[in-house]
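For reference, the structure discussed in these notes is given below.
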Amino acid sequence: MEEKTPEIVMYGTSWCGGTRRARLVFDQNHIAYRWVDIDKDADARRFVERDQSRVPECFQRLSFPDGSNPGGTF
């Protein structure tokens, strides 16, 4: 039986500079992640917004395999 590798999930928008920088760092360092564009996925947008104390101009969120995240947005 093949064991599934846990994944990092990055939520963000394609127009956000912070999201683009985060993806660039992950890509340059060969860190595997699953990208979710919250402009195209309404359920993902609600998931990100649910953890916000206010609505920022730009969303990014990481979810690590153990379910933790680095304090919401970055």
Gap between atom OG of Ser14 and atom CZ of Arg23 - 0.5 Å precision: 8.5 Å
For the student: nearest non-hydrogen atoms of [X] and [Y], plus distance:
X	Y	answer
Thr19	Met10	O-SD, 4.5 Å
Val36	Ala44	CG1-CB, 3.5 Å
Trp35	Thr13	CH2-N, 3.6 Å

Side chain to side chain donor-acceptor pair (under 3.5 Å) between Asp37 and Tyr11: does it pass, once the steps are laid out? CA-CA 6 Å; Asp37 186 336; Tyr11 299 86; over 6 Å; no
For Asp43, enumerate each residue passing the salt bridge (Lys or Arg N to Asp or Glu O under 4.0 Å) test, keeping only those at least two apart in sequence or located in another chain.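 Only Arg46 meet the salt bridge (Lys or Arg N to Asp or Glu O under 4.0 Å) criterion with Asp43.
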Partner residues of Asp41 under the salt bridge (Lys or Arg N to Asp or Glu O under 4.0 Å) criterion, sequence neighbours left out: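 Expected list: none.
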Sidechain-backbone polar pair: Arg34 side chain, Glu7 backbone, donor-acceptor under 3.5 Å: no
Could you check whether any side-chain heavy atom of Ile38 comes within less than 4.5 Å of a side-chain heavy atom of Phe47, counting everything from C-beta outward?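 The answer is no, as the side chains (C-beta and beyond) never meet within the 4.5 Å cut-off.
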